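Read the structure below first, then the notes.
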Amino acid sequence: STIDLSTAGDGGDLLDQLRDRGNVRMGFANETPFAFIDSEGDLTGQAAEVGKEIFRRLGVDSFVPKLADFSSLIPGLNAGLFDVISAGMYITPARCEQILFTNPDYNAPYAFLVPEGNPLGLTTLDDVVADPDVVLGVIVGGVEESVATGVGVPSDQIVVFPDQVSGLDGVAAGRADAFLLSTLSLRSALASRTDSGLELSEPPFIPTVDGVDQNGAGGFGFRLGEANIVEAFNSELATLKSEGLLLPIVEPFGFTEDEMTDLTAEELCQAPQA
Amino acid sequence: MSGWNWDVFWDSVPDLLDGLVVALQATVLGYLIALVLGLGFALLRRSSKLWISVPASIVIEFIRSTPLLVQLFFLFYVLPEVGISFSTLVTAAIGLGVHYATYVSEVYRSGIDGVPVGQWEAARALNLPARRTWTSVILPQALPRAMPALANYVIAMFKDTPTLVAITVVEMLTVARAIGSETFLYAEPITMAGILYLVTALVMSWLARILERRFGQVRAA
Amino acid sequence: MTGDKIEKGNKPMTEASSAAAETGTKQDDFIRFDDISKRFGKNVVLDDLSFSVGTGERVTLIGPSGSGKTTILRMLMTLIKPDSGTIRVGDDYLFHEKRNGSLAPASEAHIRKVRGRITMVFQQYNLFPNMRVLRNVTEAPIHVLGKSKDEAEERAKELLDMVGLGDRVSAYPSQLSGGQQQRVAIARALAMDPDILLLDEVTSALDPELAAEVLDVLRDVAKSSDITMLCVTHAMKFARDVSNRVLMFDAGRIIEAAPPAEIFDEPKQERTQRFLQSVLAES
Amino acid sequence: MTGDKIEKGNKPMTEASSAAAETGTKQDDFIRFDDISKRFGKNVVLDDLSFSVGTGERVTLIGPSGSGKTTILRMLMTLIKPDSGTIRVGDDYLFHEKRNGSLAPASEAHIRKVRGRITMVFQQYNLFPNMRVLRNVTEAPIHVLGKSKDEAEERAKELLDMVGLGDRVSAYPSQLSGGQQQRVAIARALAMDPDILLLDEVTSALDPELAAEVLDVLRDVAKSSDITMLCVTHAMKFARDVSNRVLMFDAGRIIEAAPPAEIFDEPKQERTQRFLQSVLAES
Amino acid sequence: MSPGLWQYMIEGLVVTLQLTVFGALLGLVFAFAAGLARLSRKKFLRALGFLYTETFRGMSALIVLFWLIFVMPRFGYQLAPLFAGVLALALNIGAYGAEVVRGAVRAIPQSQLEAATALNFTPWQRMRKVVLPQAIVAMIPAFSNNLIELLKASALVSIVYLSDLTFGAQLVRASTQNTAGVFGGLLVAYGVIALIFTVLMRFLERRAAASLGRTVPPGMIARIFRRTEATA
Ligand SMILES: Nc1ncnc2c1ncn2[C@@H]1O[C@H](COP(=O)(O)OP(=O)(O)OP(=O)(O)O)[C@@H](O)[C@H]1O
Ligand SMILES: Nc1ncnc2c1ncn2[C@@H]1O[C@H](COP(=O)(O)OP(=O)(O)OP(=O)(O)O)[C@@H](O)[C@H]1O
Ligand SMILES: [Mg+2]
Ligand SMILES: [Mg+2]
């Protein structure tokens, strides 16, 4: 074995390399619904399937799954252990300094988990701020808590749950009036508890903190300097979107029209953090 | 890539030292297990009954020739499935302990084999029961003989603690990785962790050498 | 006294004549070897050997190197097993038990019981280096005979006094000379109140002076107790002083058996003569 | 022939008289030790020793253990260096080189060149266990002398025939008896076509019978070649048969030097007499 | 298990074998270089050998691996992952092997060197023709243990996402959720590989012993099940 200089070029060569090699090593963290291994041993999930489709269109049609902890995806990519991060990773300005993102292929807005019929009529965080009696549930350590306080929800209106399931139980038991999370997560939580008597608030919303939209938009990551492949990837992604082919690919994983987005990586990378 | 960040490099030390403490805890706990279990292994393997010594040999050789990492995974994921759940640190100590018990048993074994056969015969001539022969004649002579080698395996076990990163024990490598995912700088904390591991291991072997020399003197007296 | 049964000439004795070797002063058959054979690999060490030793008798085993003397003692001590034949001690067989009237291989418990009457002193002392002198002597009385610690220590001190080491009770074996260690080993053996004491060249690892001390101690023991003693030694003067009967071994057989005066002064077998000459030349 | 220069009495010889020890049959100074001293730690092993050996001479070194005989041979073989003094072999100094007219410590290359004329057979044979017999004998001729493989093997077979091992060429050393190994070692040494052959107690690790075979081979060598031989041995008959001169060492000095008949039959020094007596008593 | 999952395991097996074999070969190079350096007459080489062995014996292979994989790129060197794995394992095992080499060479009797000198071999010929052929035979049993240690250490590469046997098993586990079965099977697989390596090394050991004309030591099964004389 010899030294692999894959990061040394100006970016034009990764795609050529992948085409030569005939496969692409896709870093993922085994998280549903984004990327996981199915019982046949195939890598699948929303990000995996979108990634595979685009790579096929780019002329690479063999996929090597590279399972990693979520926190090791970026160092693993930079160490050359994978060619692409294909894990539905949120595009954030901090991450943009480490890796190059493609445009997002989904944007998960927020919603509330509320009792059926949404008795308090909560649809945005502003509704929570407006009514001091509303108790809002969030997951411990999640971004939702800072989003809520950023929008102006007083901390005495917030209760913290250790995980999704206890948040769901909390709303059902009336310990919180609403539970704030991304639509994707809430849908998958509800899917496992169909008889809970809870529903998602409609429509989903994107909160704004200090004038900055709090998107939950995810894309694919490449090493810095590999702009060429990102460009090629983006253009194939745009084609998928414009031809309406994206939604059919991701629908089996619980994605809906709500998660489709036209945001760009550039916008998301430049968004100041709340 | 960005230049070397000395702040992250030095600032990682306090957190890494916490990790070092955890690594040392796992080592001490694991080694206690290895010492006890290893003795059991050694005795089983020496048994005069083939139906004991042969299976014992197979199990010991098996554990000794398979990766610690996989054994740790096995304990970490499988024990809870069958309803046994320990804290991660205890699971780690069990993994280290069982693995090293196979090495330790060999150390005991050569220590025991080093006791002159005349000692066995004298015990027999005094009609000492088997248990008493072991506890008051053979082991008191075999264990001191085994000390230096036993000390070496403590160090070896310590050097294996980074493997515990795979089962989320918060030892130094885990800490280094956590610092890395916060700062996106991996090189600095990993390098510092490596230095700390090396220094600790070298200090340990230095101590072991002193111990050995001390011990040698005691034996000579 | 009846060495006259021994065949003349130096051809090995037949089984029949070997049985006849049981002569001397013995009054009974306290220890009885019957048709004992033992081989190591291809090397036949004992060949259908039979002899017996009376209660309280002192027997010396002599013979050239490799003739099987040590093997006899080690077998009696149950350190090795015979390939065939029986050994009886008192009313019990050593390696066999009577079950339903016939002899079956003995259980470990049975062997331990019979072994309880026998003990042995080795050429290399084999003291326990991890125990002080006193504990070397008390360990077995306490844990085998079940004596109290006080009682065991009192007796141990008596015995250590007897072997002239009353003042070294708290030394470690490594701090003693070879002769002192061997005397401790004798005290350790006597502390077991054995009926039978086996001694295998207990002085041959010692300088002549130290050996003399040890032999003196053993002379005292022989005089002041009625222990049955089987003793392998090259110390002919000691053998003459102490033993009732001398068994001359050659190639795993007893070729001559007689009281010491007889065997040393008028050996019947030419082989015995030659052996005695060579031993005397050495010393 | 001129042993008459040797001082009477057993006081150690002075330097002057030591130089006088160079007597016997030698015609020239093929090998010359001059004022050689060697100590190991505080132990002075050779003390200002001077002597010489003529071309084709056969010299036997005798003397009590520790008197420095082996040290002489090992020094000549360049296995150890003298502390002071010079050794000359033919026209070259062994550990010195002439540079600008004066003597300077020799380079490794110079030592190798001079060493090329000398070889040695050891007490413990020291065959290479990783090579079969034939290769033991051919390895150095091929890689040191630069002989072709065929040539080296032909010569090796001749020599192995001579030492009576023509049929064991493909055995490993471990498959040979000690005597056979020593004979291979002799063949290996001779294969180097040495001018000087050193032999250090080449038979003393062997049983008498095997030793005799080896000595016979050496007798043949001595008869059929004109190699200069230095030989340490306790085989006095061999020394008498083969050597031209015997050097008697004591405490790192030569105390007597004379042809064997003279030294064995009428030793002048009382020390030599005593030494010869003790050697003869042993064998 | 589906064919797709088996595929991961088989590919992983190949990588594990590659890591072990290449790691062993490169490790041998390090072992001889460092072991002989420590015996050198040149102080500088001795110091270098000492530094290498002490450092890598004091250092976990995993740390070295992390360093090669995650830190080296910061200095502008990116190693091919498999090569990084081989290198890390080889550096580690080579440090242990160096001690084996050193011990075996030192155990060659001085008299063999003297005999070689008496035949006027050059120092290098002495080493190559006399010392090493004998020393290597003595090294094999210890190397055999080192090889098993190397095989075991190779599993560590899965932590840095090289697709070895253990990594393949992680994928299978992620897919099937059958943790006990997957890791249990994995342990057995390593046990079998180790057994095969042991048998091969044993064969080598016998061959090597024969190259000194020695009688062949008893077979490997006999050695595993050798019964120590029961004394109690
Ligand atoms: N454990 C053993 N394994 C193999 N052979 C043995 C063993 N013990 C004894 N022998 C052999 O049995 C033979 C008799 O040995 P034994 O020790 O009884 O002789 P001995 O009469 O005591 O001789 P010595 O005077 O030399 O002590 C010897 O040939 C010895 O080599
Ligand atoms: N390498 C060494 N280191 C220390 N002392 C040595 C060494 N080699 C030899 N000696 C000492 O030098 C002295 C002379 O040794 P040498 O081997 O030359 O004696 P020798 O005459 O050959 O005796 P022997 O007949 O016993 O072989 C001895 O006292 C010996 O102990
Ligand atoms: Mg004996
Ligand atoms: Mg000598």
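Chain identifiers are assigned alphabetically (A, B, ...) following the order of the sequence lines, protein sequences preceding nucleic acid strands; residue numbering begins at 1 within each chain. Fair warning: this is a prediction, and the values are worked out from it, not measured in the lab.
- Atom CG of D:Asp216 is surrounded by more than 12 heavy atoms from other residues, nucleotides or ligands within 6.0 Å.
- Within a 6.0 Å sphere centred on CD of D:Glu158, other residues, nucleotides and ligands contribute more than 12 heavy atoms.
- Side-chain contact between D:Arg74 and E:Glu114: present, with at least one pair of heavy atoms (C-beta onward) separated by less than 4.5 Å.
- Proximity to chain E (any heavy atom under 4.5 Å) is restricted, for D:Leu127, to the backbone atoms N, CA, C and O.
- Atom CZ of E:Phe75 is surrounded by more than 12 heavy atoms from other residues, nucleotides or ligands within 6.0 Å.
- When atom types are taken as modelled, the side chain of D:Ser174 and the backbone of E:Leu212 share a donor-acceptor pair closer than 3.5 angstrom.
- Contacts between D:Met120 and chain E at a heavy-atom distance below 4.5 Å involve backbone atoms as well as side-chain atoms.
- Checking D:His143, D:Arg115, D:Arg117, D:Lys113 one by one against E:Asn120, the side-chain hydrogen bond (donor to acceptor under 3.5 Å, both in side chains) holds for a single residue, D:Arg115.
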Can D:Met131 and E:Lys129 be said to form a side-chain contact (heavy atoms from CB on, under 4.5 Å), step by step? CA-CA 9 Å; D:Met131 303 177 193; E:Lys129 294 178 180 301; 4.1 Å; yes
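- Residue D:Arg219 places its CZ atom among more than 12 non-hydrogen atoms of other residues, nucleotides or ligands, all under 6.0 Å distant.
- If you tally non-hydrogen atom pairs under 4.5 Å between each of D:Gln175, D:Arg112, D:Met77 and chain E, the highest count goes to D:Arg112.
- Of the two parts of E:Gln125, only the side chain, counted from C-beta on, holds a non-hydrogen atom closer than 4.5 Å to a non-hydrogen atom of chain D.
- By the neighbour-count criterion of 12 heavy atoms within 6.0 Å, atom CG of D:Asp167 is densely surrounded, having more than that number from other residues, nucleotides or ligands.
- Of all heavy-atom pairs between D:Thr119 and E:Ala118, the closest is OG1-O, 2.8 Å.
- Both the backbone and the side chain of D:Phe128 come within contact range of chain E, judged by heavy atoms closer than 4.5 Å.
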How far apart are the C-alpha atoms of E:Val130 and D:Glu139, what are their side-chain angles, what is the distance that settles it, and do they pass the side-chain contact (heavy atoms from CB on, under 4.5 Å) test? CA-CA 10 Å; E:Val130 177; D:Glu139 191 71 8; over 6 Å; no
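- For E:Ala116, the parts lying near chain D are the backbone and the side chain together; criterion is any non-hydrogen pair under 4.5 Å.
- Among residues 23-32 of chain E, no residue has any heavy atom closer than 4.5 Å to a heavy atom of chain D.
- The part of D:Ile118 that comes within reach of chain E is its backbone (N, CA, C, O), which places non-hydrogen atoms under 4.5 angstrom from that chain.
- Listed by first then second residue, pairs satisfying salt bridge (Lys or Arg N to Asp or Glu O under 4.0 Å) with a partner in residues 30-50 of chain E read E:Arg38-E:Glu99, not counting sequence neighbours.
- Using a 4.5 Å heavy-atom threshold, the side chains of D:Val144 and E:Leu119 count as separate.
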